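Before any comments, here is the structure.
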Amino acid sequence: MTSGDTLANGAEQKPSIAVLIAISTVNPLSMQIYLPSLAGMMVVFSATAGEIQLSMSAFFISIAVSQLFWGPLSDRHGRRPIIVLGMCLFVLGSILCLISQTIEALIAARVIQAAGGCTGMVLGRAIVRDLYGPKQAASMIGFVTMGMAVMPTIAPAVGGMLDRYYGWQGGFFLMLLFGIGVLWASIYFLPETHKVRTPSGSGSGRVLRSYATLMKEPLYWSYALTAAFSALTYFAYLGGAPFIASGLLSLSAAEMGFYFMFVALGYIAGNFLSGKFTERVGMYPMIFGGTLIGVLAVALIAGFALLDALTPLSLFLPMFLLGLGNGVCLPSALSGAVSVRPELTGAASGLTASFQVATGAFAGSLVAWLYADSVLAGSPWGMILVMGFGIGASLVAALSIPLISSRGESGNEH
């Protein structure tokens, strides 16, 4: 397969945007839809809040670890069989969630669910890069991510309604139905796009060699760290905003649900702009522009905090800008990361996604601790400082992209 802007074997080999969105949406749905049921699950399983929260933490850890293996395996065996296997695991995990009788069984089932569902999230990007050159891939990733971002926006509301009428299992039953549908679509409507496979060899050795090769590429690090620190900024907001909204601004759960839509809507808008303009203006202007929008968002929040003027609007409207910046920056940063070594597209996609999840999970936990137990307890400054570090580091990584490219470290288009 060539790295040109079209698939060598013709248009009939391209999966539809709908299929790519569907396989990429499995995990975002699973992350969000059961949130309204957490309180009820504490009663059902006689579990503490920490034990229930572990079902989410274990989910993220499973994603971060699993993506490190699915990408290289898809480089060796093809995208389609790995996605089909992943969707089978997701369906199995969903069934196990539904029949769980203890919190320990639920956590284990969530690990299986996350490990399988993340195949679509990480390999959807790799499939796009199989089909298109770097700039057009960034546009397509933008459109796919825009569609994917709709699910986290509506999932909590859907989960709340299902919980009201069917209890905590309602959301998991919808996950099961959705997983079966995506598995069916993957079998019948997802062609293989990765035609040139990496050489055979021992599985673990092959994975490690793939990552060792990528880690020697300075340009890969520039793209990947731009994406990872941008994600860190967003997860720092997720770790702090709920506490600030309830503790400092006295918002109810329903009010918070309304305001939390702002960042998702910004992300959708940013991905639309990426899909619309990246091919025309180029990847780097989108990366740099999106990062600057994120800098503006964090600066606005810090300014309102300094003036003691934090309100729901002054907290969440800048978050719309943060989502917008992420939506503009990330598709091009991810496309760049998977384009540095085209023969290792799957490995690059998995490693980059794991960086994003790992740094994001750390940031969210750090901000929650800073708000609850540190010298910054009860103030918004823990969140703001971590967000400032994240967006500043993302800007530095973004600025390094043209410098490394101009030195000829890689011949890939950017």
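The model shown is predicted, which means the values in this text are computed figures rather than measured ones. Just so it is clear, the values below take in all heavy atoms, side chains as well, and ignore hydrogens, waters and symmetry mates.
When the side chain to side chain contact (heavy atoms under 4.5 Å, CB included) test is applied to Ile180, the partners found at least two apart in sequence or on another chain are Val91, Leu176. In this structure, the side chain to side chain contact (heavy atoms under 4.5 Å, CB included) partners of Leu395, at least two apart in sequence or on a different chain, are Phe288, Thr291, Leu292, Val295, Leu399.
Here CZ of Phe90 is found 4.0 Å from OG of Ser94. Values are rounded to the nearest 0.5 Å. One distance of note links OG of Ser339 with CG of Leu219; it measures 9.5 Å at 0.5 Å rounding. Here the CD1-CG distance, from Ile83 to Leu123, works out to 5.0 Å after rounding to the nearest 0.5 Å. The structure places CD1 of Ile293 at 10.5 Å from CG of Leu322, a figure rounded to the nearest 0.5 Å. Expressed to the nearest 0.5 Å, how far OG1 of Thr193 lies from CZ of Arg80 amounts to 11.5 Å. Taken from SG in Cys118 to CD1 in Ile23, the straight-line distance is 12.0 Å, to the nearest 0.5 Å.
Between the Ser62 side chain and the Ala58 main chain, no donor and acceptor come within less than 3.5 Å of each other. Not one N or O on the side chain of Gln356 forms a donor-acceptor pair closer than 3.5 Å with the backbone of Ala231. In this structure, the side chain of Gln169 engages the main chain of Leu98 through a donor-acceptor pair within 3.5 Å. The backbone N or O of Lys216 sits nowhere less than 3.5 Å from a side-chain atom of Trp221 that would complete a donor-acceptor pair. At distances below 3.5 Å, not a single donor-acceptor pair connects side-chain atoms of Ser66 with backbone N or O atoms of Ile63. Of the possible donor and acceptor atoms, one in the side chain of Tyr284 sits under 3.5 Å from a partner among the backbone N and O of Ala398. Here the side chain of His194 pairs no donor or acceptor atom with the backbone of Arg79 at under 3.5 angstrom. Put simply, the side chain of Ser24 never gets that close to the backbone of Ile21: no donor and acceptor are under 3.5 Å apart. No donor-acceptor pair under 3.5 Å is formed between the side chain of Ser230 and the backbone N or O of Thr226. Panel note: side chain Ser332, backbone Cys329; no donor-acceptor pair is recorded below 3.5 Å.
Heavy atoms only, all atoms of each residue included: Gly390 and Thr233 are closest at C-OG1, 3.1 Å. In terms of heavy atoms, Pro218 sits closest to Ile404 at O-CD1, 3.7 Å. Closest approach of Val386 to Leu232, counting heavy atoms only: O-CD2, 3.8 Å. Considering every non-hydrogen atom in both Ile384 and Val298, the closest pair reads O-CG1, 4.3 Å. Across all non-hydrogen atoms, the minimal contact from Ala227 to Thr352 is CB-CG2, 4.4 Å. Residues Leu73 and Ile82 share a closest heavy-atom pair of CB-CD1, 4.0 Å.
Inter-residue side-chain proximity for Ser30 and Phe59 is flagged as met; some heavy-atom pair is nearer than 4.5 Å. A 4.5 Å side-chain heavy-atom check between Ile287 and Val328 finds every atom pair outside the cut-off. Counting heavy atoms from C-beta outward, Ser274 and Met286 have side chains that approach closer than 4.5 Å. For the pair Val338 and Val128, the minimum side-chain heavy-atom distance is 4.5 Å or more. Inter-residue side-chain proximity for Val26 and Met121 is flagged as unmet; no heavy-atom pair is nearer than 4.5 Å. Taking the side chain as every heavy atom from C-beta outward, Leu324 and Tyr267 never approach each other to under 4.5 Å. In this structure, the side chains of Phe320 and Leu265 come closer than 4.5 Å at one or more pairs of heavy atoms. No side-chain heavy atom of Pro331 sits under 4.5 Å from any side-chain heavy atom of Thr278.
Screening residues 379-401 for side-chain hydrogen bond (donor to acceptor under 3.5 Å, both in side chains) gives Ser222-Ser400 as the qualifying pairs, with residues at least two apart or on separate chains.
A salt bridge is defined here as a Lys NZ or Arg NE, NH1 or NH2 lying under 4.0 Å from an Asp or Glu carboxylate O, and Glu217 with Arg341 meets this definition.
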*Are Phe316 and Tyr237 close enough, and set up right, to give a side-chain contact (heavy atoms from CB on, under 4.5 Å), and what steps lead you there?*
CA-CA 10 Å; Phe316 287 100; Tyr237 147 72; 3.8 Å; yes
*Please report the C-alpha distance between Met215 and Leu351 in whole Å, then the side-chain angles of each, then the deciding distance to 0.1 Å, and finally whether the side-chain contact (heavy atoms from CB on, under 4.5 Å) criterion is met.*
CA-CA 10 Å; Met215 289 180 180; Leu351 184 60; 4.1 Å; yes
*What do the steps show when you test Leu370 against Leu366 for side-chain contact (heavy atoms from CB on, under 4.5 Å), and what is the final call?*
CA-CA 6 Å; Leu370 289 173; Leu366 175 61; 4.0 Å; yes
_If you apply the rule side-chain contact (heavy atoms from CB on, under 4.5 Å), what do you find for Asn27 with Gln113, and how did you get there?_
CA-CA 8 Å; Asn27 260 20; Gln113 197 182 45; over 6 Å; no
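In this structure, Phe389 and Phe229 have perpendicular ring planes: the angle between them is above 60°, well past the 30° mark.
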